[in-house]
Amino acid sequence: REVRTCDVQNSIEVLMTDAPYNRFPTPVFLTPSSAPVYFLCCIRSGTMTLGAKIDSNNVCSNESVRISYEVRNDSTSRIKAVEVRIHEVITFSAEGKHATTGSILFKQR
């Protein structure tokens with residue numbers, strides 16, 4: 001997938017529960033994703049790769065979680081910033097009806 005900006009994005013889904021469903025926390029790894037980087041919107045200057053890890057798949061409400069990430073710059077462009085966001089998506093289901101809502105819980109640049 002070609003990205004026509006200097007942004008490289010990646011995401012992972014982690015199930016949030018009211019109570020831990022697994023006695024033994026297991027790390028969650030985000031498979032590294034690479035994207036081309038362009039200079040002046042049309043001159044390709046290489047690629048950047050982004051990967052991440054969440055320390056535990058046992059995440060409950062109001063609980064802290066450690067997120068580690070790594071960026072590999074194989075382009076001639078300089079990395080100006082890295083932004084981490086946690087986006088919550090909630091899906092409700094009852095009596096055959098479904099609704100989904102979402103919000104950004106955390107954002108740091």
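What you see below is based on every heavy atom in this structure, not just the backbone, and it leaves out hydrogens, waters and symmetry mates.
Here the closest non-hydrogen pair linking Thr47 and Val37 is C-CG2, 4.1 Å. Between His98 and Ser93, the shortest heavy-atom distance links the atoms ND1-OG, 2.7 Å.
Clustering of Ile, Leu, Val, Met, Phe, Trp and Tyr side chains at separations under 4.5 Å places Ile90 together with Phe92.
For the atom pair OG (Ser68) and NZ (Lys53), the distance works out to 5.5 Å, reported to the nearest 0.5 Å.
Pairs of residues two or more places apart, or lying in two chains, that qualify as salt bridge (charged side-chain N to carboxylate O under 4.0 Å, His left out) and include a residue from residues 68-77 are Arg72-Asp74.
Scanning for side-chain hydrogen bond (donor to acceptor under 3.5 Å, both in side chains) contacts around Thr91 gives Thr100, with sequence neighbours left out.
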